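The figures that follow rest on heavy atoms only: side chains count, while hydrogens, waters and symmetry mates do not. Values in this document were obtained by computation on a predicted structure and should not be read as measured data.
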Amino acid sequence: MIKFLKGILAEYKKVEAPIYYLVLAEFFLQVCNTSFFILFNFFMTKLGYEDFEITSFFSYRFLAIMVLGAPLGFFIKGKKLIQFFYVAAVGMPFFSLLVILCAEMGREGWLRFFMMLLGLSFATIQASALPFIMLNVKKEQHSEAIALFFQTWGASIFLVGVLNYLLNVYDPVLFSERNVMIGCSLIGFISIYFVRKINIDEQIGKRIKLMPDDYKKIFKAVIPTLIIAIGAGFTIPVINLFFLHVHGIESRYFSILSAITYVLVPIFVTFIPYIRKNFGYKTAITLFQSLSIIALFLMATTELYTELGIAVYLAIFFYIIRQPLMNVAGPMTSELTMYYVGKRNQEFISAINSSIWSGSWLFSLTMFSWLRQLEIRYVWIFMITVVLYIIGVFWYYLLIREFENREENI
């Protein structure tokens with residue numbers, strides 16, 4: 001077993017230092033990002049907003065990316081991508097602070113505006129990081145480099161969750177959701193230091209005119225992302241509201257729950273390159289995603305028997321196993337998509353994916369807000385996610401089969 005683990009870690013050591021600096025920059029930005037994911041809804045609830053109002057504000061984060069995502073893909077093509085890392089490193093923590101300030105002051109118009117800028121600044125690194133990795137890392141280490149990049153999400157949630165729980169238990173007034181979010185936003189500025197350390201003779205993608213075959217590949221590649229993103233938008237941004245309103249779990253306890261859950265994500269993701277190389281994309285993507293859908297279904301149905309004391313514990317259990325199962329496939333779906341569309345289209349597809357996730361979540365959150373105003377229960381809203389996930393995973397299966405057949409015929 002030890003020899004097996006050493007072999008896996010040895011592959012990660014082959015990834016060059018500039019990529020580790022990129023990963024660290026992304027990590028500190030994710031600390032800022034995940035503080036919003038864990039705490040923003042609780043923060044807004046204590047300010048007196050209803051859940052449908054909160055999701056309406058949060059949806060503006062995705063509006064700008066939806067509109068500007070595709071143009072961003074064309075814009076970054078043929079340019080040095082490191083400069084876009086700086087935009088995120090400066091912009092995201094700065095606009096996070098302004099969002100918190102505007103929310104507290106009741107300036108709802110400005111809150112929506114800065115929420116849009118917050119999303120757009122974060123999108124610049126999300127759109128450019130994967131193309132940067134594909135262009136500047138040897139193909140043999142693509143899986144490991146992408147896996148490292150994706151581990152920042154789970155690692156940051158673990159850190160923020162544990163810190164928020166411990167600090168809130170120590171002094172709930174001083175370390176309120178507001179103050180913890182401010183602290184995490186300030187921590188986000190550390191990313192500037194690591195972006196500055198990315199010292200590399202950067203390889204730049206060529207500016208080319210897309211051909212009809214390129215558009216066909218891009219269209220096929222984005223369909224499963226679109227379907228899954230719409231489904232995810234009905235669940236992921238509001239999962240803390242589900243635990244708050246259905247099972248009565250407050251922010252400090254949800255924080256530690258998320259920490260426990262997401263500490264499993266980096267562990268699972270560490271092994272995913274090995275699984276992909278030895279068992280293929282079908283196992284690395286479709287198997288894990290299918291198991292995640294089952295866990296989500298079982299978690300959602302706990303709302304149907306909340307009067308039973310065991311319901312909350314089952315909801316926690318299924319949430320804990322659902323997150324790593326779904327997140328573990330993320331690096332491999334991104335790698336598959338990058339390979340499927342080819343080098344000509346990697347910057348564009350990366351930006352398109354950011355736009356799709358943001359546009360889909362904007363749509364889903366808008367629909368969620370409407371459904372909650374109609375007093376539709378969380379369980380039935382989450383079933384929309386389950387159905388869409390099933391369709392999306394099946395589409396990924398078809399995409400994998402087509403890609404593998406194409407590779408065999410080369």
Side-chain angles (χ1 to χ4, degrees), residues 18-44 57-58 60-62 64-65 72 81-104 110-111 113-130 132 148-168 174-198 236-237 240 251 255 258-259 262 265-266 354 357-358 361:
I19 302 304
Y20 279 95
Y21 292 134
L22 170 60
V23 169
L24 286 169
E26 170 73 1
F27 170 75
F28 285 105
L29 288 178
Q30 287 287 10
V31 168
C32 176
N33 182 45
T34 55
S35 71
F36 272 69
F37 170 74
I38 295 175
L39 302 174
F40 182 76
N41 292 348
F42 293 108
F43 168 62
M44 295 294 284
F57 287 128
F58 204 72
Y60 277 84
R61 177 173 178 174
F62 310 114
I65 311 173
L72 179 63
L81 299 177
I82 293 177
Q83 61 187 320
F84 298 102
F85 302 161
Y86 281 105
V87 174
V90 175
M92 189 179 178
F94 178 68
F95 293 124
S96 295
L97 293 170
L98 291 178
V99 164
I100 297 168
L101 177 64
C102 290
E104 196 168 41
W110 285 107
L111 169 60
F113 176 68
F114 288 125
M115 189 68 86
M116 291 170 63
L117 294 180
L118 170 62
L120 186 59
S121 60
F122 190 52
T124 56
I125 193 169
Q126 299 304 104
S128 54
L130 287 182
F132 178 85
L148 282 170
F149 185 78
F150 273 80
Q151 285 182 11
T152 59
W153 168 250
S156 62
I157 287 187
F158 173 75
L159 176 64
V160 173
V162 170
L163 280 178
N164 180 65
Y165 176 78
L166 294 176
L167 294 174
N168 193 261
L174 177 61
F175 297 109
S176 61
E177 289 88 354
R178 169 194 179 273
N179 291 342
V180 172
M181 288 170 65
I182 289 174
C184 290
S185 297
L186 294 175
I187 288 173
F189 284 113
I190 298 175
S191 61
I192 299 172
Y193 169 78
F194 289 104
V195 172
R196 287 177 57 86
K197 289 184 71 66
I198 303 175
I236 296 176
N240 47 10
S251 67
S255 296
S258 296
Y262 279 92
V265 174
S354 295
W357 275 97
S358 298
W361 280 29

Separation of I187 CD1 from L163 CG (nearest 0.5 Å): 7.0 Å
- prompt: In Å and rounded to the nearest 0.5 Å, what is the CD1 to OG distance from I82 to S128?
  reply: 10.0 Å
- line: Between C184 and V160 the two heavy atoms that sit nearest each other are SG-CG2, 4.1 Å
message: With rounding to the nearest 0.5 angstrom, report the OG to CG distance, S191 to L24.
response: 10.5 Å
query: Take atom OH in Y20; do more than 12 heavy atoms of anything else shown fall under 6.0 Å from it?
result: yes
message: Tell me the closest heavy-atom pair linking L148 and V23, and the distance in Å.
response: O-CG1, 3.7 Å
message: Quick check: do L98 and L117 have side-chain heavy atoms less than 4.5 Å from each other?
response: no
message: Are I198 and F132 packed together at the side-chain level, in the sense that at least one heavy-atom pair is separated by less than 4.5 angstrom?
response: yes
query: Out of curiosity, L29 CG to S156 OG, how far, rounded to the nearest 0.5 Å?
result: 10.0 Å
field: 4.5 Å side-chain heavy-atom contact, V195 and Y21
entry: no
field: pair M115-F40: side-chain heavy atoms closer than 4.5 Å
entry: yes
- prompt: Could you state the interatomic distance from CE (M92) to CZ (F36), rounded to the nearest 0.5 Å?
  reply: 7.5 Å
- request: I would like to know whether S185 and I100 meet side-chain contact (heavy atoms from CB on, under 4.5 Å); could you show each step before the answer?
  value: CA-CA 10 Å; S185 297; I100 297 168; 4.1 Å; yes
message: Working note: M44 + L111, criterion side-chain contact (heavy atoms from CB on, under 4.5 Å); need CA distance, chi angles, decisive distance, verdict.
response: CA-CA 12 Å; M44 295 294 284; L111 169 60; 4.0 Å; yes
message: Parallel, tilted or perpendicular, judged at 30° and 60°: which one describes the rings of F114 and F95?
response: parallel
statement: Residues P93 and C32: closest non-hydrogen pair is CA-SG, 4.1 Å
field: Any side-chain heavy-atom pair of T152 and V31 under 4.5 Å
entry: no
task: Answer whether the closest heavy-atom distance between the side chains of F37 and I236 falls below 4.5 Å.
output: yes
- line: Rounding to 0.5 Å, atoms CD1 (I192) and NZ (K197) come to a distance of 15.0 Å
- request: Kindly indicate whether the side chain of F42, heavy atoms from C-beta on, has any atom under 4.5 Å from the side chain of N240.
  value: yes
Nearest heavy-atom neighbours spanning C102 and W110: SG-CB, 3.6 Å
query: Taking it one step at a time, do N33 and F28 satisfy side-chain contact (heavy atoms from CB on, under 4.5 Å)?
result: CA-CA 9 Å; N33 182 45; F28 285 105; over 6 Å; no
query: Is the shortest heavy-atom distance from the side chain of F94 to the side chain of F189 under 4.5 Å?
result: yes
side-chain contact (heavy atoms from CB on, under 4.5 Å) evaluation trace for F84 with I125: CA-CA 6 Å; F84 298 102; I125 193 169; over 6 Å; no
query: Centroid-to-centroid, F27 to W153, below 6.0 Å?
result: no
